[in-house]
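Below is one structure, written out as structure tokens; the observations come after it.
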Amino acid sequence: MSVFPYVVAAWICVVGIYGIVTSTNLIHLALCLTVTQSSTYVLLLTIGYVNGGGPPIFKGVKLGTTAVDPVVQSLVLTDIVVSVTVLALILALALNVQKKVGSMDPDEIPELRG
Amino acid sequence: MSRRARILVFLPALAVFGALLVWAVVGLPDFGHYVGPYGYLLNHVALPERHMTNVVTAVVFDYRGFDTMGEEFILLGAVTGVALLLRSQERDEEVREGVGSDTVRVVGIVLAGAALLVGLWLIAFGFVTPGGGFQGGVIVAGAIFCVFLCADFSAWRGVASQTVLDPLEGLGAAGYVVIGLAALISGYPFLTNELLGPGVPGTLHSGGTGPFINWCVAFAVSAGVLILFSEFLEEYIVPIAAGGGK
């Protein structure tokens with residue numbers, strides 16, 4: 001089952017994209033985008049995992065003990081916080097759309113019609 | 001484009017994307033067999049080089065400090081954008097929206113204190129034990145948000161005041177850059193933490209300028225998250241209070 005975590009990441013990604021494509025509500029669409037983004041966290045942490053590795057923190061642990069990759073962890077932790085603020089910006093835009101157009105459905109917003 | 005047409009366009013794209021994903025996953029190393037080399041390398045050199053026992057924080061604020069500076073400015077930009085979109089002029093109207101239940105108040109006060117303590121601890125020891133400015137900053141903001149949950153809206157307006165939060169958000173981001181430049185002026189590469197000496201690794205007095213960058217990020221993140229809470233709350237509460245209260 002060594003590919004299972006990768007399958008989970010791919011599944012989260014595809015489910016999020018499916019939600020974006022079929023969405024009828026801008027708030028739902030923004031949350032689906034966040035779901036898609038979360039798949040990258042699963043993928044990154046999966047790639048950085050070392051069998052039997054501990055956390056990359058050497059307080060009370062001897063230097064040289066097997067530990068997981070700290071680089072992917074730092075990428076994920078900054079992005080989790082930053083993605084929340086970007087989601088807030090998207091939701092604020094959605095609120096303004098609701099005020100101007102009176103609808104959250106992308107199909108009913110003239111500017112969003114392809 | 002109609003919904004049906006959009007899904008019809010999506011399905012072939014999904015098939016291609018799915019095939020590429022399968023191809024990519026098959027070529028990846030097996031789960032748990034990390035190939036490196038950067039993770040292994042950093043786990044060995046970060047403590048001797050950067051004097052921080054938490055290698056993740058050393059990567060965030062030093063080895064990849066430039067990248068984190070970009071993230072910090074994405075945060076600043078997003079928070080500024082939300083404030084620009086939602087902030088309205090008429091803010092002074094009195095809003096009465098209190099919590100009636102004593103249980104909620106008591107639990108809320110205990111929760112706020114405990115969360116604030118955990119948040120500050122995560123920030124302060126962020127470069128020694130698990131934690132850091134990003135994680136702790138969000139928890140501190142959550143603790144302060146408990147004021148709204150267990151007191152009332154005017155108390156919340158008191159703690160989440162624009163005149164305090166807006167400068168704090170900007171100063172946090174600016175402090176990050178200033179500390180980075182201080183290293184540069186002293187002849188070290190941008191954002192390295194050599195400036196204040198190694199200290200004693202594993203204690204609060206370690207990591208050079210790392211702890212200061214950590215606190216700058218913590219201030220920027222908690223102020224940013226509080227500004228977001230505040231803007232959305234104004235958007236949500238004021239119409240309710242105006243409609244229901246009178």
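Below, read A as the first sequence line, B as the second, and so on, with proteins coming before strands; counting in each chain starts at 1.
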Ranked by heavy-atom pairs below 4.5 Å to chain B, first place among A:V86, A:I90, A:L77, A:V71 goes to A:L77
What residue in A:V21, A:V81, A:N96 has the most heavy-atom pairs under 4.5 Å with chain B?
-> A:V21
Give, as side chain, backbone, both or neither, the part of A:V68 having an atom under 4.5 angstrom from any heavy atom of chain B.
-> backbone
Shortest non-hydrogen contact from B:L116 to B:V140?
-> CD1-CG1, 3.9 Å
B:Y63 versus chain A, heavy atoms under 4.5 Å apart: side chain, backbone, both or neither?
-> neither
Heavy-atom side-chain contact between B:I227 and B:E231 under 4.5 Å | yes
Tell me, side chain or backbone of B:F10 under 4.5 Å from chain A's heavy atoms, or both, or neither?
-> side chain
Mind ranking B:T57, B:V128, B:L21, B:V56 by heavy-atom pairs under 4.5 Å with chain A and telling me who comes out on top?
-> B:V56
Sub-3.5 Å donor-acceptor pair from the side chain of A:T85 to the main-chain atoms of B:A78, do we have one?
-> no
Quick one: which of B:L41, B:L47, B:L86, B:L42 has the most heavy-atom pairs under 4.5 Å with chain A, could you say?
-> B:L86
From CA spacing to verdict: side-chain contact (heavy atoms from CB on, under 4.5 Å), B:L191, B:F61 = CA-CA 8 Å; B:L191 282 170; B:F61 295 135; over 6 Å; no
B:Y40 and B:Y34: CA distance, side-chain angles, deciding distance, ring-ring contact (aromatic ring centres under 6.0 Å, His included) verdict | CA-CA 9 Å; B:Y40 292 127; B:Y34 173 67; 5.3 Å; yes
Atom group of B:V60 that falls short of 4.5 Å from chain A, counting heavy atoms | both
Atom group of A:T24 that falls short of 4.5 Å from chain B, counting heavy atoms = both
Under-4.0 Å salt bridge between B:E234 and B:R157 | yes
For A:P55, is it the side chain, the backbone, both or neither that has a heavy atom under 4.5 Å from a heavy atom of chain B?
-> neither
Cut-off 4.5 Å, heavy atoms of chain B, and the answer for A:V14 is side chain
Could you pull out the closest heavy-atom pair between B:F229 and B:A141, with the gap in Å?
-> CE1-O, 3.9 Å
Separation between OG (A:S83) and CG (B:L75), nearest 0.5 Å, reads 10.5 Å
Give the minimum heavy-atom separation between B:T209 and B:T192, together with the two atoms involved.
-> OG1-O, 3.8 Å
Can the ring centroids of A:Y49 and B:F31 be said to lie less than 6.0 angstrom from one another?
-> yes
Among B:V79, B:V25, B:I7, B:L28, single out the residue with the greatest number of heavy-atom pairs under 4.5 Å to chain A.
-> B:L28
Count the heavy-atom pairs under 4.5 Å between each of B:E235, B:E71, B:Q135 and chain A, then report the option with the highest count.
-> B:E71
Part of B:T129 lying under 4.5 Å from any heavy atom of chain A = both
Heaviest contributor of heavy-atom pairs below 4.5 Å to chain A, chosen from B:V138, B:L84, B:V82, is B:V82
For A:I80, is it the side chain, the backbone, both or neither that has a heavy atom under 4.5 Å from a heavy atom of chain B?
-> neither
Evaluate the side-chain proximity of A:S74 to B:V55: yes if any heavy-atom separation is below 4.5 Å, no if none is.
-> no
For the candidates B:G39, B:P29, B:G133, which exhibits the highest count of non-hydrogen atom pairs separated by less than 4.5 Å from chain A?
-> B:G39
